[in-house]
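Notes follow once the structure below has been shown.
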Amino acid sequence: MIKKTTVTSILIEFLTLYPKYFLLLFLLLLLEGLIAAGTILSMIPLADYLLDPSLQEPNKVSSATMLLFNKFNIGINFWSFGLLFAALNLINGIFKIAIRYFILKIKYVILFDLFSNALSAFFDAKWDFFSKSKHGYLLNTLNKEMNTIGDTLGHLATQLAQVVQFTVYLSVPFILNPKMTITAIFLALIFSVPFILLNNISYRLGKRDTSTSNTLLGVLHETLQGAKIILGFGEQKKSIKRFLIAFKDHVSATLKSQTLATSVPALFAPFGILAAIIALGLAIKSGNALPELVAVLWSLLAAFPILSSLLHTNVSINNFIPSYEQLTMLREQAKSSAEAPGDMLFDSLKKSIIFNDVSFSYSDNIKTISNIDIEVTTGEMTAIVGESGSGKSTIVDLILGLQSPNSGEILIDNIPFNNWNQNSFRKKVGYVPQDSILFYSSIRDNLLWSVGECSDEELWKALELSNSDKFVSSLPDGIETIVGDRGVRLSGGQRQRIALARALIRKPDLLILDEATSSLDTESEIAIQNSIENLSKNMAILIVAHRLSTLSKADKVYVMQSGKIVEKGSFDKLSAKSEGYLYNMLKLQNKKQQ
């Protein structure tokens with residue numbers, strides 16, 4: 001369990017990780033502070049001149065300014081004092097822009113690292129992490145919550161800047177008129193107490209905002225992914241209503257959260273002005289010089305909005321903490337289920353993949369597969385057949401290392417699977433799942449994603465082997481055709497053929513076809529079977545299928561039922577038995593043909 005995060009712990013974490021950036025920011029802030037101090041002091045000679053153009057009894061600051069002007073032969077008049085004040089404000093503005101740029105730079109550097117670390121942790125984790133996590137939860141964390149984190153990181157860096165600015169704006173008036181400054185600060189701190197007490201409320205509202213956003217993104221993701229079945233069932237209104245209910249729930253939470261954050265500066269600003277006016281009134285009664293009071297008032301009126309902003313930022317940070325906690329929790333969950341890669345780099349499959357008495361279960365009570373013995377050999381086509389839920393896809397997951405057996409062992413070339421680096425092995429595998437997912441890009445890019453770089457000749461060879469070349473050539477944009485989200489612009493059979501080409505272009509040592517021809521017409525299936533049969537001489541092929549026509553080419557067939565292998569042998573021998581799964585399938589097929 002992740003312990004509750006605090007603003008201080010976040011600040012310390014980022015200061016430790018990015019000391020150079022924050023040091024440079026601090027130096028910029030010091031320079032900006034000096035300019036700001038000069039801007040405040042430059043008001044005094046201007047006010048002195050407006051009150052007494054003869055400057056018979058100038059303030060100390062006015063005297064120092066006149067000495068400087070005389071040294072550079074600058075005339076002492078309204079324009080010179082006014083231009084000095086304006087020039088210093090301009091320089092101060094330029095420094096503010098530079099500081100803002102640097103704050104944004106820090107924000108995006110940190111955000112880049114957060115994205116990088118989170119995604120690295122997620123994809124270093126076992127498949128279990130993705131299968132058990134809600135997609136809406138993950139999407140919301142990497143979308144809205146990460147944006148919230150990024151914005152608040154900007155606020156956090158801004159808060160550091162504002163602390164320096166606030167110190168500068170108060171140090172000058174403190175030197176000029178400490179009594180008035182202390183009075184104003186004391187009153188402002190009293191007025192700020194109720195706003196500081198809002199932190200706990202802000203945290204609770206932020207947690208609710210994050211929670212409802214997780215739900216909203218989850219419902220939206222499910223609605224868009226299930227668009228076809230929603231239309232097919234004619235349940236559009238029901239799905240829209242479900243989304244709108246989640247939306248209203250989130251709006252209710254986020255309205256309170258955002259309103260609280262924006263109310264702090266709006267409400268505190270008049271109290272800050274009131275504190276400055278009370279302090280000014282007391283100072284006037286004490287007979288203080290008006291030019292000094294003008295400079296002090298200017299400083300206080302500049303400082304208190306910064307204090308208001310600090311209070312607002314503090315509330316915003318407490319509002320953002322749930323987002324950061326959620327990201328941290330997901331990252332820790334991913335790390336706790338990280339794969340333990342073996343030390344041996346896989347070069348090629350020389351002999352076989354063997355399952356020795358392998359059992360696996362998703363829960364403690366029910367075994368998905370029990371005591372499985374299978375051998376997938378190079379130069380052969382091995383088939384696994386069985387009714388739905390018999391454990392066929394689980395075997396594929398185990399071969400890919402997406403799951404680990406509860407008992408027994410998996411050997412690759414007589415070496416335990418865990419000794420191999422999983423990714424180096426997977427890079428030698430061509431995998432075509434039943435639900436063939438393509439990326440929103442061109443057919444060319446989908447093929448190149450699998451290998452990085454290859455020639456056009458190799459691309460078209462893979463398309464030819466998968467019986468895709470003719471339909472790809474007939475498309476208006478050919479191989480540059482955009483396939484849409486998940487390949488939605490292609491038919492199911494076309495998607496499967498492109499997915500098969502994507503696997504074949506790798507020239508894998510092991511080709512896994514998990515119902516990969518289920519959406520193909522008979523003619524396409526026969527053409528692909530012939531290609532696969534020729535390929536099997538150079539690689540190991542594992543086929544999970546139901547069609548007898550697909551199984552008939554296999555050298556070995558394993559028949560599964562209720563997580564166990566009930567038959568094994570060549571297709572001809574198994575299909576000739578008086579009883580058995582393949583024999584019954586054959587009888588059913590013949591009956592349909594009659």
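Along the sequence shown, residues are numbered consecutively beginning with 1.
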What I'd like to find out is whether the side chain of [X] reaches to under 4.5 Å of the side chain of [Y], using heavy atoms alone.
X	Y	answer
F85	T39	yes
N92	K96	yes
I97	Y101	no
R331	T328	yes

Which value, rounded to the nearest 0.5 Å, describes the distance between [X] atom [atom1] and [Y] atom [atom2]?
X	Y	atom1	atom2	value
R502	S450	CZ	OG	7.0 Å
D48	M66	CG	CE	7.5 Å
L31	I91	CG	CD1	11.5 Å
D445	F439	CG	CZ	11.0 Å
L17	I110	CG	CD1	8.0 Å
Y49	S54	OH	OG	9.5 Å

With [X] via side chain to side chain donor-acceptor pair (under 3.5 Å) - residues at least two apart:
X	result
E480	R444
S455	E458
N70	none

How close do [X] and [Y] get, counting heavy atoms only, and between which atoms?
X	Y	result
G478	I443	O-CD1, 4.0 Å
N446	S441	ND2-OG, 3.3 Å
A98	L28	O-CD1, 4.4 Å
I479	S442	O-CB, 4.0 Å
H250	T212	ND1-OG1, 2.9 Å
C454	I505	SG-CD1, 3.5 Å

side-chain contact (heavy atoms from CB on, under 4.5 Å) assessment of I498 paired with L490: CA-CA 10 Å; I498 296 299; L490 303 178; 4.2 Å; yes

Greater than 12 external heavy atoms within 6.0 Å of Y21's OH: no

Counting only heavy atoms from other residues, nucleotides and ligands, does the tally under 6.0 Å from OH of Y18 exceed 12? yes

Does I482 form a side-chain contact (heavy atoms from CB on, under 4.5 Å) with D477? I'd like the steps, not just the answer. CA-CA 8 Å; I482 302 297; D477 295 322; over 6 Å; no

Residues two or more places apart in sequence or in another chain: which of them pass ring-ring contact (aromatic ring centres under 6.0 Å, His included) with F112? none

Indicate every side-chain donor-acceptor pair of residues 116-123 with a distance under 3.5 Å to a residue at least two apart or in another chain.
from, atom 1, to, atom 2, distance (Å)
N117, ND2, D113, O, 3.1
S120, OG, S116, O, 2.8

Closer than 4.0 angstrom, basic N to acidic O: yes or no for R208 and D249? yes

Would you tabulate the side-chain donor-acceptor contacts of residues 74-84 under 3.5 Å, counting partners in other chains and residues two or more places apart, or write 'none'?
from, atom 1, to, atom 2, distance (Å)
N77, OD1, W79, N, 3.0
N77, OD1, S80, N, 2.8
N77, OD1, S80, OG, 3.4
S80, OG, G75, O, 2.8
S80, OG, N77, N, 3.1
S80, OG, N77, O, 2.9

